[in-house]
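The structure appears right after this line, and notes come after that.
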Amino acid sequence: MEAVEKILVLIHVLAAIIGIGPAFVLPVITHSAKTSSQLRFAYHLNDKINRFPKAGGITLLVTGALLMLLDHTGFTKMWLNISLALFVVIEILIIGFLDPAMKRAGKFIRKHKGEGIPEDYLPMAGKMIFLNRIVQVLTVLIIILMVIRP
């Protein structure tokens, strides 16, 4: 049983790295765009790489649940309950707000002609930056809880 647990922990950690890395880098790339061509490329890149955070999130949830079952932990540890609650909030923010905003902004920027970044895009970008920062802060809190297990 110990070998299975170690493999699950390894998969859990790898899923976190693979899923969280792009989620932190992609907003920086998108926000760094100075022309509409760069912005279109950033959204294209987002479309391609966004599979990793989604797959990582699902893998984290499954491996985390399996580890809880193997350890017979259930919902008895406060740090784990808080981590799960934060994870649910992150998923709600991403699925309910950030992904739809990204899709709308991507369609908008793909239709734009010219090289300047359209003024109408800036409020959309501000909302996405705000949501990304919330997700990033909550993610860091989960990582802290997972490491220090208070």
Side-chain angles (χ1 to χ4, degrees), residues 6-69 73 75 77-150:
K6 285 183 180 185
I7 290 169
L8 284 174
V9 169
L10 175 64
I11 294 169
H12 193 73
V13 171
L14 288 173
I17 293 167
I18 291 167
I20 293 170
F24 274 80
V25 173
L26 287 173
V28 174
I29 292 170
T30 304
H31 186 63
S32 299
K34 302 294 183 225
T35 67
S36 62
S37 293
Q38 291 174 353
L39 201 51
R40 277 190 288 277
F41 178 74
Y43 275 93
H44 175 72
L45 198 59
N46 266 305
D47 290 343
K48 297 289 182 195
I49 295 178
N50 247 347
R51 292 177 236 168
F52 294 104
K54 289 176 182 173
I58 291 167
T59 305
L60 283 171
L61 193 57
V62 170
T63 56
L66 290 172
L67 286 165
M68 287 172 65
L69 288 172
T73 308
F75 296 99
K77 298 188 177 181
M78 185 58 74
W79 65 269
L80 192 52
N81 294 337
I82 294 169
S83 296
L84 284 170
L86 292 175
F87 186 81
V88 168
V89 170
I90 288 170
E91 292 305 310
I92 290 169
L93 289 173
I94 291 171
I95 294 167
F97 299 98
L98 194 53
D99 279 351
M102 292 286 294
K103 286 178 182 162
R104 281 191 305 276
K107 286 179 184 175
F108 179 79
I109 200 65
R110 284 181 194 94
K111 290 179 183 177
H112 176 70
K113 304 294 180 209
E115 274 306 302
I117 294 179
E119 288 292 319
D120 293 345
Y121 169 78
L122 299 178
M124 289 185 240
K127 178 182 177 183
M128 290 181 292
I129 290 168
F130 177 73
L131 289 170
N132 272 311
R133 288 201 176 126
I134 292 171
V135 167
Q136 291 168 343
V137 167
L138 295 177
T139 301
V140 169
L141 289 174
I142 291 173
I143 293 169
I144 290 168
L145 288 169
M146 289 286 160
V147 171
I148 64 171
R149 300 177 179 197

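These figures come from a predicted structure and were not determined experimentally. All values below come from the heavy atoms of this structure, side chains included, with hydrogens, waters and symmetry mates left out.
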Contact list for residues 31-41, test salt bridge (charged side-chain N to carboxylate O under 4.0 Å, His left out), sequence neighbours left out:
Arg40-Glu115

Neighbour count >12 (heavy atoms, 6.0 Å) for atom [atom1], [X]:
X      : atom1 : result
Phe87  : CZ    : yes
Phe41  : CZ    : no
Phe52  : CZ    : no
Arg110 : CZ    : yes

Would you compute the distance between atom [atom1] of [X] and atom [atom2] of [Y] and round it to the nearest 0.5 angstrom?
X      : Y      : atom1 : atom2 : result
Leu98  : Lys103 : CG    : NZ    : 11.0 Å
Met146 : Ile143 : CE    : CD1   : 10.0 Å
Asp47  : Leu26  : CG    : CG    : 10.0 Å
Ile90  : Leu138 : CD1   : CG    : 5.0 Å
Ile82  : Ile142 : CD1   : CD1   : 11.0 Å
Leu61  : Glu91  : CG    : CD    : 8.0 Å

Minimum side-chain heavy-atom gap [X]-[Y] below 4.5 Å:
X      : Y      : answer
Thr30  : Tyr43  : yes
Leu131 : Val135 : no
Phe108 : Pro118 : yes
Ile144 : Val140 : yes
Val25  : Ile49  : no
Ile18  : Thr59  : no

Which atoms form the tightest heavy-atom contact between [X] and [Y], and what is the distance?
X      : Y      : result
Pro100 : Gly96  : CG-O, 3.6 Å
Pro53  : Pro22  : CG-CB, 4.0 Å
Thr35  : Ile117 : C-CG1, 3.9 Å
Gln136 : Ala23  : NE2-O, 3.6 Å
Asn81  : Phe75  : ND2-O, 3.0 Å
Ser83  : Leu145 : OG-CB, 3.4 Å

Residues Leu84, Val88; criterion side-chain contact (heavy atoms from CB on, under 4.5 Å); working and verdict
CA-CA 6 Å; Leu84 284 170; Val88 168; 5.6 Å; no

If the condition is side-chain contact (heavy atoms from CB on, under 4.5 Å), which residues does Leu8 pass it with, not counting sequence neighbours?
Val4, Thr63, Leu66, Leu67, Leu70

As a test of understanding, state which of Ile129, Asn132, Leu39 forms a side-chain contact (heavy atoms from CB on, under 4.5 Å) with His31.
Ile129

Considering residues at least two apart in sequence or located in another chain, which fulfil the salt bridge (charged side-chain N to carboxylate O under 4.0 Å, His left out) criterion with Lys54?
Asp99

